[in-house]
*Asks:* 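I have a structure here, written as structure tokens, and I will follow up with some questions on it.
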Amino acid sequence: ILLCHSLGEWAGQPFQLSPWQAFIVWNLFGWEKRDGTRRFRRCFVSVARKNGKTTLCAGLAILLAAADNESGAQVFIGATKLEQAKLIHDEAERMLRKSPHIHKHTTILKNNIAFNATNSFIRPLGSDKPFDGLNPHGFFCDELHAFKPLQRKFFETMVTGSGSRSQPLQMIITTAADEKAMLYHEEADYARGVISGDIVDNTVFGMIFELDKDDDLFDESLWIKANPNLDVSVKLDYLKQQANEARNKPQAKNRWV
């Protein structure tokens, strides 16, 4: 294991994948077509906050830039604002600084992590403009639930800009959204269709962690459905606190749902 955690109680310790994270990685990087390239080109994951999605994406971004047999790999992290995109980028930077065997092969500058051997990089992007002309090998879309209609062009440009790459990967990882988040629901509904078999698309991999429609939101035994990292990165006491607030505050209940 080359990558290490950078923050909190796990800082400096090897990044051991949780079972749900391992399942995603196994599928994305272990399932190949006959020509040896990846089967899955887009991954949609919806999971509650505090479940380690930032750390997972940071590790995957490093993998795509440093160890995916792609020379000149451009790996972008996109979000509604540059500050949001930098959460994953900065985590990748911290992980590298805690992981000397990989760090020695990188050049880290402001908003850019360069991998010298592969002539590749990781960069964060805000959605204030569409960024035409990019050629992403990897695109991480963070918190799609927050994207507004005016940011659709940015999203579409990033997911359609990899035509010359042999096996690009688009990773959409987000928390759940309300009914106004149209782009989120388009992608989530498509992923649900693929998961159920109603849509046949062998390039899409989806995992949606959520309570079922008729579940009791305040039943502690069901919280793991939306929190696969329960008792790892997200603590039961934290969820109890959020649930207690949601019982007594309408705004908090909306966030809790």
Side-chain angles (χ1 to χ4, degrees), residues 24 28 40-61 64-65 73-93 110-113 121-165 168-195 199 201 203-210 226 251 254-257:
I24 292 172
L28 294 183
F40 295 114
R41 305 301 175 88
R42 182 178 295 191
C43 177
F44 180 91
V45 178
S46 183
V47 64
R49 292 176 177 82
K50 306 297 183 181
N51 277 274
K53 65 182 181 64
T54 299
T55 305
L56 174 63
C57 286
L60 290 176
L64 288 175
Q74 300 177 5
V75 179
F76 296 103
I77 301 161
T80 56
K81 296 181 180 180
L82 180 62
E83 290 75 11
Q84 178 68 37
K86 287 179 65 175
L87 295 179
I88 293 175
H89 183 272
D90 290 353
E91 175 65 4
E93 178 180 332
K110 182 179 180 180
N111 295 338
N112 189 78
I113 302 171
F121 62 74
I122 304 172
R123 292 178 187 166
L125 297 175
S127 62
D128 56 327
K129 54 183 178 179
F131 292 98
D132 291 318
L134 302 180
N135 186 18
H137 174 61
F139 172 55
F140 291 79
C141 181
D142 191 25
E143 300 296 15
L144 185 66
H145 77 278
F147 276 57
K148 302 295 191 293
L150 60 86
Q151 290 150 338
R152 179 182 291 271
K153 179 63 174 177
F154 168 81
F155 177 80
E156 293 177 345
T157 297
M158 296 306 298
V159 300
T160 59
S162 304
S164 64
R165 299 290 183 179
L169 180 64
Q170 300 155 8
M171 185 85 178
I172 302 168
I173 192 155
T174 180
T175 52
D178 61 27
E179 66 278 0
K180 297 179 182 179
M182 295 304 298
L183 189 54
Y184 167 91
H185 288 294
E186 289 173 14
E187 294 298 319
D189 289 346
Y190 193 86
R192 287 190 179 94
V194 172
I195 293 168
I199 297 173
D201 189 337
T203 68
V204 172
F205 177 83
M207 290 189 75
I208 300 175
F209 296 94
E210 61 185 358
Q251 297 86 348
N254 291 334
R255 294 194 301 268
W256 176 249
V257 174

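Just so you know, residue 1 is the first one in the sequence shown, and it goes up from there.
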*Asks:* Determine the minimum heavy-atom distance between Ser127 and Thr80, stating which atoms define it.
*Replies:*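 What the structure gives for the nearest pair is OG-O, 2.9 Å.
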*Asks:* Ignoring hydrogens and angles, tell me if any N or O in the side chain of Arg42 forms a donor-acceptor pair with the backbone of Thr203 under 3.5 Å.
*Replies:*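 No, Arg42 side chain to Thr203 backbone: no donor-acceptor pair under 3.5 Å.
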*Asks:* Is the backbone N or O of Thr55 less than 3.5 Å from a side-chain atom of Glu91, with the two atoms forming a donor-acceptor pair by type?
*Replies:*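 No.
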*Asks:* Which heavy atom of Pro168 sits nearest a heavy atom of Ser162, and at what distance?
*Replies:*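 Smallest interatomic distance, heavy atoms only, reads CB-CB, 3.5 Å.
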*Asks:* Please list, chain by chain and in numerical order, all residues satisfying salt bridge (Lys or Arg N to Asp or Glu O under 4.0 Å) with Asp201, sequence neighbours excluded.
*Replies:*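 In terms of salt bridge (Lys or Arg N to Asp or Glu O under 4.0 Å), with neighbours along the sequence ignored, Asp201 is linked to no residue.
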*Asks:* Could you tell me the separation between the CG atom of Leu125 and the CG atom of Leu82, rounded to the nearest 0.5 Å?
*Replies:*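 Answer rounded to 0.5 Å: 8.0 Å.
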*Asks:* So that I can tick it off, tell me whether Lys86 and Glu93 are bridged by a salt bridge, with the cut-off set at under 4.0 angstrom between side-chain N and carboxylate O.
*Replies:*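 No salt bridge links Glu93 with Lys86.
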*Asks:* Has the side chain of Thr174 got a donor or acceptor atom that lies under 3.5 Å from a matching backbone atom of His145?
*Replies:*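 Yes: the side chain of Thr174 pairs with the backbone of His145.
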*Asks:* Quick one: does any side-chain atom of Glu156 pair with a main-chain N or O of Lys153 as donor and acceptor, under 3.5 Å?
*Replies:*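 No.
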*Asks:* Measuring from Glu186:CD to Phe147:CZ, what's the distance to the nearest 0.5 Å?
*Replies:*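 Output value for this atom pair is 13.0 Å.
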*Asks:* Measure across Gln74 and Asn135 and return the closest heavy-atom pair with its distance rounded to 0.1 Å.
*Replies:*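 It is OE1-N, 3.0 Å.
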*Asks:* Checking side chain to side chain donor-acceptor pair (under 3.5 Å) against Thr175, which of Glu143, Lys50, Lys53 comes through?
*Replies:*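 With Thr175 as partner, side chain to side chain donor-acceptor pair (under 3.5 Å) holds for just one option, Glu143.
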*Asks:* Which pair of heavy atoms, one from Leu64 and one from His137, lies closest together, and at what distance?
*Replies:*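 Scanning both residues, the minimum pair turns out to be O-CD2, 3.6 Å.
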*Asks:* Given 3.5 Å as the limit, does a donor-acceptor pair link the side chain of Asn112 with the main chain of Lys110, or not?
*Replies:*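 A pair under 3.5 Å: no.
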*Asks:* Minimum heavy-atom separation for Ile172 and Glu187, please, with both atom names.
*Replies:*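 Minimum heavy-atom separation between Ile172 and Glu187: CD1-OE1, 3.8 Å.
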*Asks:* If the plane angle is over 60° it's perpendicular, under 30° parallel, otherwise tilted; pick one for Tyr184 and Phe44.
*Replies:*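 It falls in the tilted class, 30° to 60°.
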